[in-house]
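Notes follow the structure.
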Amino acid sequence: MHITKILTSWYSDNKRELPWRNTKNPYFIWLSEIILQQTQVKQGLPYYKAFIKQYPTVFHLAKASEEAVLKLWQGLGYYSRARNLHATAKFIAHELNGEFPKDYNGLIKLKGVGDYTASAIASICYNEATAVVDGNVFRVLSRFYGIQTPINSTPGKKEFKERAQQIIDKKNPAEFNQAIMEFGAVQCKPNSPDCSICPLQLKCFAFHTGKIKDLPQKIKAAKPIKRHLNYIVYMSDSHTTVLEKRVGKGIWQNLYQFPLIESDKELQPKEFKKQLNVNHKSIVLFNENPIVHKLSHQHLYTKFWIVKVTSLSENAIPINKINDFATPILIKNFIDDFNF
DNA sequence: AAAGCGGGGTA
DNA sequence: TACCCAGCTTT
């Protein structure tokens with residue numbers, strides 16, 4: 001039997017019940033695909049449910065503020081997805097009369113929609129035979145065919161897209177695309193796939209050559225840089241504090257954080273006090289040892305300094321409003337732990 | 001072509 | 001530790 005038929009057959013027997021599998025409404029499919037970019041189903045599922053509840057249509061999402069969208073996205077990471085999601089919702093509601101583009105070429109023009117997402121929406125919603133290539137597809141194809149080309153190289157992306165396009169079920173691209181991804185997620189897993197029960201075992205290159213652990217190939221990422229963050233947690237007599245919006249380039253764009261002093265190395269109390277040019281009543285270091293927050297490209301060594309002051313300026317916020325703001329999870333965890 | 005962008009999970 | 005995840009955008 002051919003790989004195409006094996007995968008679709010496996011899918012009909014093994015697919016998970018997921019909320020976006022019961023619809024072809026492009027709003028729901030688009031939303032699920034954006035949430036699931038670089039994100040496992042288990043992590044994205046509660047966010048999907050929260051978003052369709054809060055924003056049942058693209059018009060609801062378009063009407064929301066970016067701040068509200070970021071707040072609902074808080075904790076999911078890659079926040080440009082949320083900003084692009086909101087911008088695209090406004091574009092579709094206001095410029096396209098609420099109607100999504102109906103093919104790959106139209107979809108890929110949307111902010112935050114690349115080759116994978118355009119293919120996913122086009123195939124699932126409109127039955128266009130354009131192959132999805134996500135991390136699962138890379139893994140399944142590289143193992144099955146023994147493709148050594150690094151999946152994160154330009155030639156690799158081209159080669160795998162062509163391979164996937166060759167075996168897509170043109171009669172049912174919606175099912176096939178979801179089948180090969182689900183197969184990668186559930187059966188042909190990154191670690192210790194159970195090849196003994198795999199329906200592709202007979203023709204699988206990696207299985208027969210003992211190269212399961214060597215495929216797919218990938219160009220190694222650079223080592224993350226280290227940064228030292230010192231957050232100033234003001235507390236005034238009238239129970240206010242200060243949050244600032246991160247603007248410009250870099251991580252956490254448009255999210256809120258406490259005023260920040262970044263340093264080349266870890267700051268000790270004396271050094272911190274010298275840099276803090278503010279009249280204060282007391283300074284207490286919340287965590288003696290830096291909290292290490294690891295991102296893909298940066299390791300953040302973080303200290304929270306509690307600075308009591310008599311009063312703060314007009315734009316300070318009441319502490320009981322602090323949870324209204326979208327913050328990085330690093331900040332949210334501190335707020336929860338500190339318990340003001 | 002390479003870098004930048006999150007946070008959670010596994011081994 | 002190192003690697004992975006229903007990737008996209010910018011440099």
Side-chain angles (χ1 to χ4, degrees), chain A residues 11 15-16 18 20-21 28-48 70 73-85 87-88 107-121 123-124 131-140 150-158 160-161 164 174 176-186 188-193 213-225 227 246 248-255 292-300 326-333:
Chain A
Y11 183 60
K15 69 176 175 183
R16 293 168 289 183
L18 296 169
W20 48 83
R21 295 220 163 121
F28 295 129
I29 299 302
W30 166 69
L31 177 60
S32 71
E33 294 300 345
I34 302 299
I35 287 174
L36 292 173
Q37 289 169 3
Q38 292 290 283
T39 303
Q40 298 191 159
V41 167
K42 184 181 176 186
Q43 188 186 5
L45 186 53
Y47 286 84
Y48 176 80
L70 284 171
W73 198 272
Q74 174 177 274
L76 197 53
Y78 285 149
Y79 295 94
S80 66
R81 290 185 293 170
R83 299 191 300 269
N84 288 332
L85 184 83
T88 293
L107 289 160
I108 203 169
K109 292 189 175 74
L110 301 173
K111 276 188 186 177
V113 174
D115 174 73
Y116 164 76
T117 305
S119 299
I121 300 172
S123 62
I124 295 171
V132 294
V133 183
D134 72 336
N136 295 306
V137 177
F138 278 124
R139 187 169 54 256
V140 172
I151 61 175
N152 54 348
S153 68
T154 300
K157 288 171 193 165
K158 184 171 182 292
F160 281 92
K161 177 80 179 184
F176 177 82
N177 274 344
Q178 294 180 84
I180 189 169
M181 289 192 285
E182 186 78 344
F183 184 79
V186 173
C188 195
K189 297 176 292 183
N191 301 313
S192 55
K213 295 207 68 172
D214 304 321
L215 292 169
Q217 294 271 332
K218 199 169 184 177
I219 300 166
K220 282 196 192 310
K223 285 210 169 176
I225 62 170
R227 298 174 68 179
R246 287 185 69 97
K249 305 206 172 295
I251 58 174
W252 301 330
Q253 216 172 96
N254 294 4
L255 273 67
V292 186
H293 187 70
K294 293 181 176 177
L295 309 179
S296 302
H297 292 72
Q298 303 180 12
H299 288 181
L300 309 176
T327 68
I329 210 64
L330 170 67
I331 304 296
K332 186 209 182 277
N333 288 342

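Below, all heavy atoms of this structure are taken into account, side chains as well, without hydrogens, waters or symmetry copies. To find a chain, count down the sequence lines: A is the first, B the second, and so on, and within it residues start at 1.
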Parallel, tilted or perpendicular: ring planes of Trp252(A) versus His293(A), cut at 30 and 60 degrees: tilted
Distance in Å, Tyr78(A) OH paired with Trp73(A) CH2, rounded so as to fall on 0.5 Å steps: 12.5 Å
Reported NZ-to-CG distance for the pair Lys157(A) and Asp115(A), which is rounded to 0.5 angstrom: 10.5 Å
Most 5' of Trp252(A) and Pro155(A) on DNA chain B, judged by nearest nucleotide: Pro155(A)
Of Arg83(A) and Ala222(A), the one whose closest DNA chain B nucleotide lies more 5': Ala222(A)
Sticking with atom [atom1], work out how far [N] lies from [M], rounded to a whole angstrom.
| N | M | atom1 | result |
| --- | --- | --- | --- |
| dC3(C) | dA3(B) | P | 16 Å |
| dT11(C) | dG6(B) | P | 15 Å |
| dA6(C) | dT10(B) | P | 13 Å |

Between Thr327(A) and Gln74(A), a side-chain donor and acceptor under 3.5 Å: yes
Protein-to-nucleotide contact annotation, 5' to 3' order, nucleotides 3-11 of chain C [B base; S sugar-phosphate only; - none; under 4.0 Å, heavy atom]: SSBBBSS-S
Over all atoms of both residues, closest heavy-atom pair of Ser123(A) and Ala120(A): OG-O, 3.1 Å
Leu107(A) versus Ala118(A), closest heavy-atom pair with distance: CD1-O, 3.8 Å
Range on DNA chain B touched by chain A - first to last nucleotide, heavy-atom distance under 4.0 Å: dA1(B) to dA11(B)
Name of the residue among Arg16(A), Lys189(A), Lys15(A) meeting salt bridge (charged side-chain N to carboxylate O under 4.0 Å, His left out) with Glu182(A): Arg16(A)
Touch class at under 4.0 angstrom, heavy-atom based, for Leu76(A) against every strand present: base
Sugar-phosphate, base or nothing in reach of Gly44(A), heavy atoms under 4.0 Å: nothing
Partner set under side chain to side chain contact (heavy atoms under 4.5 Å, CB included) for Thr117(A), not counting sequence neighbours: Glu33(A), Ile34(A), Gln37(A), Val113(A), Ile121(A)
